[in-house]
Number of protein chains: 2
Amino acid sequence: MPMCPRVSDEYKETKKREIAAAARRVFIRKGFAHAVMQDIMDEAGISRGALYAYFDNLEHVFMEVLRYDDEELFQWTGPELQSPVWGMLMKWLGEIEQDLMKLQHSLVRARAEFFLSSAYVKDKKHYPYIRQRYENAVDAISRVIRAGEERGEFQPLQDARSLAGYILSFLNGLMLDTYQLGPDATWAEQQLDVFRNTLKLMLKPSSTDGYRDLSIGE
Amino acid sequence: MPMCPRVSDEYKETKKREIAAAARRVFIRKGFAHAVMQDIMDEAGISRGALYAYFDNLEHVFMEVLRYDDEELFQWTGPELQSPVWGMLMKWLGEIEQDLMKLQHSLVRARAEFFLSSAYVKDKKHYPYIRQRYENAVDAISRVIRAGEERGEFQPLQDARSLAGYILSFLNGLMLDTYQLGPDATWAEQQLDVFRNTLKLMLKPSSTDGYRDLSIGE
DNA sequence: AGTATAAACGACATTGATGTCGTTTTCAAT
DNA sequence: ATTGAAAACGACATCAATGTCGTTTATACT
C-alpha cells in the first residue's frame, strides 16, 4: 500500500479538465499556429512545471481539448431521432447559421490549422485520429439521411454516404471562408439558402413543415 | 546618372521569379506552417543574404508566390467565353477532380494554412489581399453563371453571386478534406457527382451535351 | 586592366519557445 | 505535530529560426 498519494485521481482529472478549458479559450482566441504553452499557463494561472505534468506538448493539449469537445458534438444524431428528420436537419443548419452570424468564436479555425499543419509531420501520428473524426461525422449525417429514407420521409437522389460527404464539405468550406472574412463578405446567409435548396432537391423531403419554403420554382 | 548598376532590372526580376519558383516547391512539399527561410535558400541554392535582398520574410515570399500563381488561375473565365457555358463549367470541375485524384500536390494546403494563420495577426495586414482574392474568385464564377443566364442557357433558381459563393465553399471544403485524408477517404468522386447534380438542379442548363447525364430522376 | 557599385555570402547576435529538473509547497495519513 | 509523497513552481540549458551586417565576389563601364 502506497504511503499517501497527496490527491485523488479525481482531483487530477478535474485539474486536467480545468487546464484543458483554459487552453480551449486560448485556442479560440489565437488559433493553433500562434498559441504557445506560455499562453496556456497564463490563462490557467499555473506554472510551467504543472502544465507539463499534465500534458507533454502543445499538440497533446490540443488533442485532449478536441476529445472533450467531441463528447457533445453530434448528440442530436442519437439513435432516438424525433420526427421529422427534415426538421431536425434544418434546425441543425439553423444553429450553424447562428454561430456563423454571431462570428461566435469556436474551435473551427484552430482545428483546421491543426489538421492542416499536422498533415506534414513525417510520422503521421494523428492521421488515424483525424480520419476517425471525419468518419464519425459522415456516419452521423448518413444515419440521419437513412433514417429519413426508411421512414419514407426522404427520397434521396444519391446514396446517403455521398450526400453526407457533400454536406460536410460544403459546411467546412463555408465555415473556413466565413471565419476569415466574416459572414458579410461570404454572403453566408445566401449561401446557406442555396445549400438548403440543394438539400431539398436532393433529398426530396415529403414535407417541409415549419420551415420557410423558399418557393423555388418546381 | 548613377555610375553603373551591376545588373539590369530585368535580371533582378528574373532572379526573383527563380527564387519564388523554388519557394513554391518548398511550400508544396512542406506547407506554409513548417516551411522556413532556410528551406528556400537550400532549394534555390542561394545564401541567406541573397534571399533577404529580395524578400523581407517568409510571408512576403508566400504572397509573391501566390501573386505569380494567380496570374493564371481563372483564365478560363475570360470575357471571351466559348459556348456552351455548362460545358466549360463541367470541364473546369473535371480538372479539379483530376487534381484531387492524383493528389497532385498543389498550393492548396499551404494557402489554407497561410490564410488561416494570418487571421490572427493583430494588424490584419493581409486582410485586404485575402478578401480581394475571394472577391475575384466569386466574380469570376458569377460572371460565368450570368453569361449562361444571358444566353438563355441557364435558368438559375437563385442569384449568381449566391451560387458562386456556394460553389466556392463546397470546392474549398472538399479540397481541404481531401488533401488531408485522400480522395478515397472523402469519396471525392461521389461528392463531386452530388455536387454536379446540385448544380444541374440549381442552374437548369438547357443542354448537357457531351457530359455524362447522371440520370437522376426528373 | 582598373574601378566603382551592387549582388551574394555567411557568421553572428538576438529572440522566443521548449522541455527538464532541482527546489519548495501542500496535503493526507499517521 | 510529524512525515513522506507528489504537485506545483520557476530558473535554466537548449534549440531553431530570424534578420542584420561587415566582407567578398562579380560585373559593366571606362
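So you know, we letter chains A, B, ... as the sequences are listed, proteins then strands, and number each from 1. Scope of the values below: all heavy atoms of this structure, side chains included, with no hydrogens, waters or symmetry mates.
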How long is the straight-line distance from CG of L58(A) back to CZ of F32(A), given to the nearest 0.5 Å? 4.5 Å
May I have the distance from I19(A) (atom CD1) to dC9(D) (atom C1'), rounded to whole angstrom? 13 Å
Taking only side-chain N and O atoms of Y11(B), does any of them lie within less than 4.0 angstrom of OP1 or OP2 on dA8(C)? yes
Given that Q38(A) and G49(A) both sit by DNA chain C, which one's nearest nucleotide is further toward the 5' end? Q38(A)
More than 12 non-hydrogen atoms from neighbouring residues, nucleotides or ligands closer than 6.0 Å to CD on E13(A), yes or no? yes
With the side chain of A50(B) defined as its heavy atoms from C-beta on, choose the nearest nucleotide among dG19(D), dA17(C), dA8(C). dA8(C)
Take atom OH of Y52(A) and atom P of dT23(C), then tell me their distance rounded to the nearest Å. 22 Å
Can you identify which nucleotide, out of dA8(C), dT18(D), dA8(D), has its nearest atom closest to the K15(A) side chain? dA8(D)
When all nucleic acid strands are considered with a 4.0 Å heavy-atom cut-off, which category describes Y54(B): base, sugar-phosphate, or nothing? sugar-phosphate
In this structure, how many angstroms lie between the C1' atom of dC27(C) and the CD atom of E10(A), rounded? 15 Å
Whole angstrom value for the distance that separates C1' of dT18(C) from CD of E59(A): 13 Å
Donor-acceptor under 3.5 Å (Y127(A) side chain, L181(B) main chain): yes
E64(A) with R67(A): basic N within carboxylate O range, under 4.0 Å: yes
Value in whole Å for how far the P atom of dA17(C) lies from CZ of F32(A): 14 Å
Out of dA8(C), dG19(C), dC9(D), which nucleotide sits closest to the side chain of R48(A)? dG19(C)
Can a side chain N or O of S47(A) be found less than 4.0 Å away from OP1 or OP2 on dA8(D)? no
Euclidean distance, atom CG of residue D39(A) to atom P of dG16(C) [Å, nearest integer]: 13 Å
Touch class at under 4.0 angstrom, heavy-atom based, for I46(B) against every strand present: sugar-phosphate
When rounded to whole Å, the CE to C1' distance for the pair M41(B) and dT20(D) reads 12 Å
Which class fits the ring pair F170(A) and F195(A): parallel under 30°, tilted 30 to 60°, perpendicular over 60°? parallel
Atom NZ of K16(B) and atom P of dA7(C): how far apart are they, to the nearest Å? 13 Å
